[in-house]
2 protein chains.
Amino acid sequence: MSHTAKNLISNLSVDCVVFGFRNNRLEVLLIKRKRNPIKERWALPGGFILADETLDDAAIRILEETSNVKNIYLEQVHTFGAVNRFPARRVVTVAYFALIDPEKHSLKPGIDTTDAQWFNVTETKGMPFDHDDILNKALIQLRQSVRFKPIGFELLPIKFTLTHLQTLYESIIGMHLDKRNFRKKILKTGLLIPLEEFQKGVSHRAAQLYKFDLHKYKKLVKNDYSFQI
Amino acid sequence: MSHTAKNLISNLSVDCVVFGFRNNRLEVLLIKRKRNPIKERWALPGGFILADETLDDAAIRILEETSNVKNIYLEQVHTFGAVNRFPARRVVTVAYFALIDPEKHSLKPGIDTTDAQWFNVTETKGMPFDHDDILNKALIQLRQSVRFKPIGFELLPIKFTLTHLQTLYESIIGMHLDKRNFRKKILKTGLLIPLEEFQKGVSHRAAQLYKFDLHKYKKLVKNDYSFQI
DNA sequence: TCAAAAGTGTTTGCAATACACCCATGC
DNA sequence: GCATGGGTGTATTGCAAACACTTTTGA
């Protein structure tokens, strides 16, 4: 909110629901603001858009400014326009969800932000404005999207085990999956490349590492994601 | 655009892609404006939102004002925010799609509108602004939605034949469907109530009429549309 | 009696599900 | 040697897809 100098559009904001996979569960990134109206309360990272940037660009900039998060997968979710959703005046907000691998990003609070942390998605109730609704809608969309787009990969490190991937899917859709059936399906998509590498330092049989076939993925995107988990 | 008196928000608009099923194909409602910047060109019905109305309300009002269309199914599609999408100044627009039965609505051009007509979806290329993109995105979303939500019914009269319904589905998804398989699937959803009525005045065997089980539909909406065509 | 669309079942293949044991590793 | 998660195959079921003829009606 320190962009008056840069010609911001004061009735249009962007809010981002950043999902990350940490501690074997799905978490969401919240920040604390320095200033009112939500000084010292955990909330979704958000901000006003600038006169000369697109909505996507605004989302990217806001994430970088508030929490030092870059180079992410973004998807527009919904635009929230309840008349009184913002207390001071009419502000409509465009909600995005973003997916990142928390290991790749050290969270540094940025401009106008005092803190940035990961929270379990179930522990976020009571956020200001309509942020609870926004998170909810983003979660619903993530659950849909993950079945038709291989975006789950965005949340994992480059090399991962099949069990990692399965746990990720389970934590998104909130259901237990059968190990053998999951492996069959996910390998049949042809999007995984098995590596000649294995886990190290685990006190049980070391799992094989896989990476994601970026080339096939790009093709799939062009063909409208014609696959399903 | 005649609402300056009513405190409109001049950088936020709503555009509506209204689909109707006419002449056994999917059509879309376009209007002609009286004034610039798009005087006398066919375009999507749209307008600025008022300071005291939600986005959904704006969509409803705009459809009523421009084309006398009421009581419709609405779904938010996407928000378009390219910096130069509107020539004069920065305007971000929230796109909706709407479904109506054209028989139920006589199109009357309304405020600031000189004409309102139905067009085949394939004949609409060359609309002003980013309306081509908006239509495209709405069509994609309609195709997705129709498989998981029984919104196809919104496009039909109360009583209809199974062949009507099948033709509707075919025109939305753009593929031919097998008659027997379609009937099996659609009847298995339990959303159709067969009536003791038949077509009249047709020069071939009269088809049975069905109506839609509103009660079951409402339940389904609550349960997150857990069915699939 | 002809034309035009309505209505109706069965077979086949594939994909989803359910399910249990041995393997490798570190301690 | 024991605890821990890794890794693997088969049998069953249900759903999707392909497919053609008889019925009814109006002209």
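Every chain is numbered from 1 and lettered A, B, ... according to where its sequence line falls, protein lines coming before strand lines.
Test A/R33, A/K32, A/E40 against A/D115 for side-chain contact (heavy atoms from CB on, under 4.5 Å) and you get one pass: A/K32. Checking A/N120, A/T122, A/L139 one by one against A/L26, the side-chain contact (heavy atoms from CB on, under 4.5 Å) holds for a single residue, A/L139.
Atom CG of B/D178 and atom P of C/dT12 are 17 Å apart (whole Å). Atom CD of B/E197 is separated from atom P of C/dA6 by 17 Å (rounded to the nearest Å). Distance, A/Q199 CD to D/dG5 C1': 9 Å, rounded to whole Å. Atom CG in A/L162 sits roughly 9 Å away from atom P in D/dT8 (whole-Å rounding). When the C1' atom of D/dA16 is taken as reference, atom CD1 of B/I186 falls 15 Å away, rounded to whole Å. Going from atom CG of B/L187 over to atom C1' of D/dA16 covers 16 Å, rounded to whole Å. As rounded to whole Å, 13 Å separates atom P of C/dG7 from atom CZ of B/F182. Regarding A/L165, its CG atom lies at a distance of 16 Å from the C1' atom of D/dG7, rounded to whole Å.
With 3.5 Å as the limit, one finds no donor-acceptor pair spanning the side chains of B/T113 and B/T66. Remark: the B/Q208 side chain and the B/E197 side chain contain no N/O donor-acceptor pair separated by less than 3.5 Å.
Remark: B/T163 is not in phosphate contact with C/dA5, judged by side-chain N or O atoms under 4.0 Å from OP1 or OP2.
Axis orientation changes by 0° from one end of the helix from C/dT1-D/dA27 to C/dC27-D/dG1 to the other, with each end axis drawn from 5 pairs and the value rounded to 10°.
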Would you tabulate the nitrogen or oxygen pairs shorter than 3.5 Å linking the protein to nucleotides 10-15 of chain D?
unit_1	atom_1	unit_2	atom_2	d
D/dT10	O4	A/K184	NZ	2.8

Can you name the atoms? Protein N/O to nucleotides 21-24 of chain C N/O, anything below 3.5 Å, with the distance.
unit_1	atom_1	unit_2	atom_2	d
C/dA24	N3	A/R205	N	3.2

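Electrostatic pairing of A/E123 and A/K125 does not count as a salt bridge here, judged by no charged N lying under 4.0 Å from a carboxylate O. Using a 4.0 Å cut-off between charged nitrogen and carboxylate oxygen, B/R22 and B/E103 do not count as a salt-bridge pair. Look at B/D15 and B/R85 and you find a salt bridge, because one of the NZ, NE, NH1 or NH2 atoms lies within 4.0 Å of a carboxylate O, short of that distance.
Aromatic rings of B/F182 and B/Y169 (six-membered ring for Trp) have centroids within the 6.0 Å cut-off, being under it. You'll find the ring centres of A/Y217 and A/F212 inside the 6.0 Å limit.
Here the nucleotide nearest the side chain of A/R183, chosen from C/dA6, D/dT8, C/dA16, is D/dT8.
Between A/Y96 atom OH and A/E75 atom CD the span is 10.5 Å, to the nearest 0.5 Å. Of the inter-residue distances, the one linking A/T163 atom OG1 with A/L165 atom CG reads 9.5 Å to the nearest 0.5 angstrom.
A 4.5 Å side-chain heavy-atom check between A/I172 and A/E170 finds every atom pair outside the cut-off.
Between the base of C/dA20 and the side chain of A/R180 there is a donor-acceptor pair shorter than 3.5 Å.
Among the protein residues, B/T161 comes within range of no part of the nucleic acid, since none of its heavy atoms lies under 4.0 Å from any strand.
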